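Some notes on the structure that comes next.
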2 protein chains.
Amino acid sequence: MTDLPAPGRTRNAAATRQAILDAAHHRFAKEGYDGASLREIAAAAKVDAALVSRYFGSKEELFVEVLNCAPDSSDLFEGELGDFGTRVAAKILDDRDVDQGVEYLLIMLRSASSPAAAEPLRRSMRTHFHDPFAAYLGGPHADVRARLAGDLIMGVCMSQAISADHDLDEEGQANLRKRLALVLQAAVEP
Amino acid sequence: MTDLPAPGRTRNAAATRQAILDAAHHRFAKEGYDGASLREIAAAAKVDAALVSRYFGSKEELFVEVLNCAPDSSDLFEGELGDFGTRVAAKILDDRDVDQGVEYLLIMLRSASSPAAAEPLRRSMRTHFHDPFAAYLGGPHADVRARLAGDLIMGVCMSQAISADHDLDEEGQANLRKRLALVLQAAVEP
DNA sequence: CGCCCAAGTCAACGGTTGATGACTTTTACA
DNA sequence: TGTAAAAGTCATCAACCGTTGACTTGGGCG
């Protein structure tokens, strides 16, 4: 076992804390708040299970921390508003971009049923998604348009998450992309 | 306690089985597959916990049975296609109609994270929602349009489920209804 | 070098879950 | 009416959960 990342530093509180945070992020995205156990998270971070409770106090506090460290999804809100539909549709339907900003949405929809996770979720969804989204959109009823587009994005992401294999053929997939772009654009435009 | 439905029949296998089924339906819709425990379901059905496993074999088999007994959501698919947007938007946003067909959607989105529930969910979603929906729509790419509209409906329902209190004022709510109707209509029209 | 606190480990706790087998009670039929 | 099977009850199991406290190990600093 000579695969120490930093030779002279085996014990590093900040690094292990970050490792736990990253592992928790992925496990929460894949299993949801209830489904992801602290032991699983600890194993994924190659860390003793007790350390998780030790560092973050409780599972719920760890969840809040994960939500706070989430990216702003600001990559969705860059570019012209006229391109919004096609741009976001491509980003959503291209599966392998999940690790960027959409994985954050997965945490939400997979943890929506947990009562303990509901309140942190609601708060984080506002600050990290709806508010910057509405600010990006601007114009009249920006909050309503942001919410509607956000709901559509969420629904599509969820549908993808449920159906592991795409049950649409290639032409249908292309048509879905085109149509999603159209509807998304209709949702955000004043 | 003289409220026996049939005076001479206290023990009725079919009736208790149905009671368990109804209770499971409500608990799954409210708590999701993982969140709803067999003991909770049994208590809601006023039945011993052991009977649930006894009647349905396992929790997953009970879940499948609940999905099979779900309504076809066919109330969404009645009426003219030109009205679809406004009609469905009203049905979704009017909270107290949940018990009809939308509660079935809640089961889906609250149980999407459970690996055990994923496969039954996928199958039931096809037969009970997407396929009749696509048949109702007709026209070219009916499956794509059905899926897109279904995803939008799901996202909006989920957003409502997450935000317990509506964080939109009355005018915003009215605008959301109008705009949702518009976008929904755009999603389903050829 | 030797101390001492931070970092990490280990075992265990109370609680809940899904599931099972043995037991008691009721119903229906001969 | 007597009896056997159906319907319901009870206690319990093994597994997992989040969390906690006591213990061991490591490295920076005097």
Side-chain angles (χ1 to χ4, degrees), chain A residues 1-24 27-28 30-66 110-111 113-117 120, chain B residues 1-2 4-21 23-24 27-28 30-66 110-111 113-117 120:
Chain A
M1 290 295 198
T2 62
D3 54 342
L4 307 176
R9 301 259 299 181
T10 47
R11 293 192 169 189
N12 188 334
T16 60
R17 184 189 159 93
Q18 189 59 45
I20 294 175
L21 224 42
D22 290 343
R27 301 308 293 171
F28 280 142
K30 189 172 285 187
E31 312 267 3
Y33 178 79
D34 283 328
S37 72
L38 291 187
R39 285 174 172 84
E40 275 185 2
I41 294 175
K46 293 176 181 174
V47 150
D48 191 273
L51 269 191
V52 182
S53 290
R54 208 160 190 70
Y55 271 51
F56 296 91
S58 72
K59 186 182 185 181
E60 190 172 340
E61 293 176 86
L62 169 63
F63 186 66
V64 171
E65 208 74 12
V66 166
R110 294 224 133 103
S111 309
S113 63
S114 313
Chain B
M1 291 294 198
T2 61
L4 306 177
R9 305 253 300 179
T10 47
R11 290 192 170 187
N12 188 336
T16 60
R17 186 190 158 92
Q18 188 59 44
I20 294 174
L21 224 43
R27 300 308 293 172
F28 280 143
K30 190 171 287 187
E31 311 267 3
Y33 178 81
D34 284 327
S37 73
L38 292 187
R39 285 173 172 83
E40 275 183 4
I41 294 174
K46 294 175 181 175
V47 151
D48 191 274
L51 270 191
V52 181
S53 291
R54 209 161 189 69
Y55 270 66
F56 296 91
S58 71
K59 186 183 185 181
E60 190 173 342
E61 294 176 86
L62 169 63
F63 187 66
V64 172
E65 208 74 10
V66 167
R110 294 222 136 104
S111 309
S113 63
S114 314

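In what follows, every chain begins at residue 1, and chains take the letters A, B, ... in the order their sequences are listed. Keep in mind that this is a model prediction, so the values were computed, not measured.
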Respond yes when some side-chain nitrogen or oxygen of Tyr55(A) is under 4.0 Å from OP1 or OP2 of dA7(C), and no when none is. no
Across the strands shown, which category fits Ala36(A) at heavy-atom distances under 4.0 angstrom: base, sugar-phosphate, nothing? sugar-phosphate
Write down the distance between CD1 (Ile20(B)) and P (dA19(C)), rounded to a whole number of angstrom. 13 Å
How long is the line joining CG of Asp34(A) and C1' of dT17(C), in whole Å? 13 Å
List the atom of Pro120(B), the atom of Ala117(B), and the distance in Å for their closest heavy-atom pair. CD-O, 3.5 Å
Measure the distance from NZ on Lys59(B) to P on dA19(C) and round it to the nearest whole Å. 8 Å
When you match Thr16(B) and Ser58(A) each to their closest nucleotide on DNA chain D, which lands nearer the 5' end? Thr16(B)
By side-chain contact (heavy atoms from CB on, under 4.5 Å), Lys30(A) pairs with (sequence neighbours left out) Arg27(A)
Please classify the nucleic acid contact of Phe56(B) as base, sugar-phosphate, or nothing, using heavy-atom distances under 4.0 Å. nothing
Listing, residues 46-54 of chain A side-chain donor-acceptor contacts under 3.5 Å, not counting sequence neighbours, or none:
| residue | atom | partner | partner atom | Å |
| --- | --- | --- | --- | --- |
| Asp48(A) | OD1 | Ala50(A) | N | 2.9 |

Between the protein and nucleotides 9-16 of chain D, are there any N/O to N/O pairs under 3.5 Å, and if so, what are the atom names and distances?
none

Rounded to 10°, tell me the angle between the two end axes of the helix from dC1(C)-dG30(D) to dA30(C)-dT1(D), each built from five pairs. 10°
Distance-only donor-acceptor hits, side chain of residues 15-23 of chain A, under 3.5 Å, sequence neighbours excluded:
| residue | atom | partner | partner atom | Å |
| --- | --- | --- | --- | --- |
| Thr16(A) | OG1 | Asn12(A) | O | 3.3 |
| Thr16(A) | OG1 | Ala13(A) | O | 2.9 |
| Thr16(A) | OG1 | Tyr55(A) | OH | 3.4 |
| Arg17(A) | NH2 | Glu65(A) | OE2 | 3.3 |
| Gln18(A) | NE2 | Asp22(A) | OD1 | 3.1 |

Mind checking what makes side-chain hydrogen bond (donor to acceptor under 3.5 Å, both in side chains) contact with Glu60(B), not counting sequence neighbours? none
Nearest-Å distance, CG (Asn12(A)) to P (dG8(C))? 8 Å
Nearest heavy-atom contact between Ala36(B) and Glu31(B) is N-CB, 3.6 Å
Rounded to the Å, how far apart are Glu31(B) CD and dG18(C) P? 12 Å
Pairwise side-chain contact, Lys59(B) with Ser37(B), heavy-atom cut-off 4.5 Å (strictly under): no
Any chance you could measure Phe63(A), atom CZ, to Ile41(A), atom CD1, to the nearest 0.5 Å? 10.0 Å
Arg27(A) CZ - dC17(D) P separation (whole Å): 11 Å
